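Accompanying notes for the structure given below.
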Amino acid sequence: QVQLVESGGGLVTAGGSLRLSCAASGRTFSSDTMAWFRQAPGNEREFVAAIRASGFIPYYADSVKGRFTASRDNAKNTVYLQMNSLKPEDTAVYYCAAGFSGPTMSRRSSYAYWGQGTQVTVSS
């Protein structure tokens, strides 16, 4: 049974930083693209970042470029999201996604597995 467990969320003031982790179990995702999405109250779940297995190349939503960094440790079957210069509009539940089947990394429907989410709250 595949499980994705996010951690690292919390409350931070604007300009601060947080590092999210997503630990996968049940199968290895070392060959798969993994991603982060987020959902604020009243909004749809939106793409934040993805990182390919090949070359560890990351991709970002425009809203987080230059502030967030996605990385992965295949030996630990874990992906990370380093979030710097946080803004109140970054407040959301952040979800890890895996099991990418294409075609588009930024689409929710491209992923088969989801974590339970971790809350990030940024105060002004």
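Keep in mind it's a predicted model, so treat the numbers as computed, not measured.
Side-chain contact annotation: Q119 with T121, donor-acceptor N/O pair under 3.5 Å present. For the residue pair T104 / S106, no side-chain donor-acceptor distance below 3.5 Å is found, with atom types taken as modelled.
There is no path of hydrophobic side-chain contacts, each under 4.5 Å, that joins Y95 to F29.
The ring-ring contact (aromatic ring centres under 6.0 Å, His included) search around F100 returns Y111, not counting sequence neighbours. Every residue meeting the ring-ring contact (aromatic ring centres under 6.0 Å, His included) condition with F47, not counting sequence neighbours, appears here in chain and number order: F37.
The minimum heavy-atom distance between R67 and S63, with the atom names listed, is NH2-O, 2.9 Å. Here the shortest heavy-atom pairing between A98 and M34 reads CB-CE, 3.8 Å. Minimum interatomic distance between T33 and A50 (heavy atoms only, all atoms of both residues): CG2-CB, 4.1 Å. The two atoms that bring E6 and G117 nearest to each other are OE1-N, 2.9 Å, heavy atoms only.
Cation-pi geometry between R108 and W114 is not met at under 6.0 angstrom from the ring centre and within 45 degrees of the axis.
At least one side-chain heavy atom of R38 sits under 4.5 Å from a side-chain heavy atom of D90. In this structure, the side chains of M83 and Y94 come closer than 4.5 Å at one or more pairs of heavy atoms.
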Show which side-chain atoms of residues 14-27 pair as donor or acceptor with protein atoms under 3.5 Å away, not counting sequence neighbours.
residue: S17; atom: OG; partner: N84; partner atom: OD1; Å: 2.9
residue: R27; atom: NH2; partner: D32; partner atom: OD2; Å: 2.4

Exercise. Step by step, work out the side chain to side chain contact (heavy atoms under 4.5 Å, CB included) result for V120 and V122.
Key: CA-CA 7 Å; V120 171; V122 185; 4.2 Å; yes
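A donor-acceptor distance shorter than 3.5 angstrom exists from the side chain of R72 to the backbone of I51, with no hydrogens or angles considered. Of the possible donor and acceptor atoms, none in the side chain of S110 sits under 3.5 Å from a partner among the backbone N and O of S101.
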